[in-house]
> 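Please see the structure below; I have some questions.
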Amino acid sequence: MLTLFEREHLDVNNLAEADTAIRVEQLSLRFGSKPVLENISMSIPKHQITALIGQSGCGKSTLISSFNRLNDLHQHCHYSGKVIINGRDINSRKENVAQLRTQVGMVFQRPNPFPMSIFDNVSYGLRLQGINTRRQLDEAVEQALHDAALWNEVKDRLFEPANVLSGGQQQRLVIARALALQPEILLLDEPTSALDPLTTLFIEELMAGLKKRCSIVIVTHNMQQAARVSDYTAFLHQGRLIEYSDSDTLFTTPRKKQTEDYITGRYG
Amino acid sequence: MQQVAFNTHISGRFNTELENLRNSVLTMGGEVEQQLVDTLKAIQLNHPGLAEKVIVNDLKINSMEMQIDKECLRIIAKRHPTASDLRLVMTISKVITDIERMGDEIERIARLVTKQKLPSSASVKSSMLLIGERVADMMRGTFDAFARQDEKAALEVYEQDTRIDSEYKKLLTFIASEMEKNTESMQDWLEILWALRSLERVGDRCKNICEYVISLASGEDARHTSLENLMQKLDNLS
């Protein structure tokens, strides 16, 4: 029978090791006595965009932050379970966290360029890694700015302060800064919530191009955005993973009533 | 009225999805058009093998309808289309129902050949084939108007149905008089009447699709409107 639309989805509940970017095994996390994540197990596919959706306080940002050990910065954070990236449990005490964060880049809700030039912002991470050759830095910065679709807008003013850029440009600069380190995984925590709708669409289009280079995990409050950009979507509620599947299925025929209620705006 | 342009969204994927959706309708339309051409050939040559092929092929058209329907649902859920994009998706959702029904009507006509119930009268057969040719022309014009989102072309095709209806009525009157003369083969005549009715219904389905194309291109709802009123509405728009 003739197939009109080619679309293949991985079974995220039985993902092969070779297709997995992050494997989460029975991850539970609490801040002090307050449980935030409860027994989360999921596999995030490589070179795909995975969205985490759910109400405020459901644990999405905490979950994404556990992919690069950012929760360690909280004094009273306690966790159990495993987060496996490249066969290593990143929660292990032996893990080199600085190196992990070059492999797993992160972009936050508000653009946070450093108070320095555009060039220095992008090359900052590379310099920290000991790359100081001018030619190497020039090449890496240009490539990262190209990848973040910002090069044409800033190529003539690379040494101007980054804070003169617009909000959308600053957010792309921050993405370029993360990309300069050639991360395998890019975590985006509500990357467009402070941007206008048109700039949001530009960033989303950028993500679609970037997934060829790295695996992307995005946290968003905007369900329409999750539907538009993601290949796979996980719905969290009160720290539990309720449903996780390809976005086509989740947004057309969700299997759990809680998911249906949330995405249709019936949530009490 | 703004037509759907497939290469102007910021999202390249959305461009591709809408274009693929539109093309899939044209693929489905092309299949049904071929089904009608094959059926008319099967009638002309009294070729049961070809008619059997038409009957089997209808499954392909049913499958296409389901696939396109699913894709429309997916696009609405994931892309939240608005304005011309929304009109396109909703139009396609309705158009494919009519195309699928055309497929069913054509299958019914093809069964006339497999059951060996073709009209013995040469004049009835040639009139039937003539109406079939006109319906096939109308179908080609319909899909062409859809592909170009051209309301004027759709209106021209829409007008052709009046001629088909008139020829159909003439043939019915002739068959009624033949039936009075030859009451013994009443069952065969009924089979022919059903097939003719199906042929005429394919024309009506084309007319429905033209109405959707007019709505898509002009934004004016063309359903349940007389031809004169419709032309007046379109004149007012231009």
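Values in this document were obtained by computation on a predicted structure and should not be read as measured data.
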> Centroid separation under 6.0 Å, is that true for the rings of Phe235(A) and Tyr262(A)?
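Yes: the rings meet the under 6.0 Å criterion.
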
> With a cut-off of under 6.0 Å to the ring centre and 45° to the axis, is Lys207(B) in cation-pi contact with Tyr158(B)?
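Judged by the rule, Lys207(B) and Tyr158(B) form a cation-pi pair.
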
> Please classify the contact between Ile68(B) and chain A as side chain, backbone, both or neither, with a heavy-atom cut-off of under 4.5 Å.
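It is both, since atoms from each part get that close.
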
> Assess whether a salt bridge exists between Asp231(A) and Arg13(B), defined as any Lys/Arg side-chain N lying under 4.0 Å from an Asp/Glu carboxylate O.
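Looking at Asp231(A) and Arg13(B), the cut-off is met.
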
> Strictly by modelled atom types, are Asp38(B) and Gln34(B) linked by a side-chain donor-acceptor pair under 3.5 Å?
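Present: a donor and an acceptor within the cut-off.
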
> Check whether Thr3(A) gets within reach of chain B through its side chain, its backbone, both or neither, counting any heavy atom under 4.5 Å.
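When you check distances to chain B, atoms from both the backbone and side chain of Thr3(A) fall under 4.5 Å.
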
> Could you look at Glu204(A) and say if it's the side chain, the backbone, both or neither that has a heavy atom under 4.5 Å from chain B?
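Nothing of Glu204(A), per the 4.5 Å heavy-atom cut-off to chain B.
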
> Against chain B, label Leu198(A) side chain, backbone, both or neither, depending on which of its atoms sit under 4.5 Å from a heavy atom there.
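When you check distances to chain B, atoms from both the backbone and side chain of Leu198(A) fall under 4.5 Å.
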
> Please work out which of the three classes, parallel, tilted or perpendicular, describes the rings of His9(A) and Tyr232(A), given edges at 30° and 60°.
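The rings of Tyr232(A) and His9(A) stand perpendicular, inter-plane angle above 60°.
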
> At a 4.5 Å cut-off on heavy atoms, which part of Ser11(B) comes close to chain A: side chain, backbone, both, or neither?
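For Ser11(B), heavy atoms of backbone and side chain both lie under 4.5 Å from chain A.
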
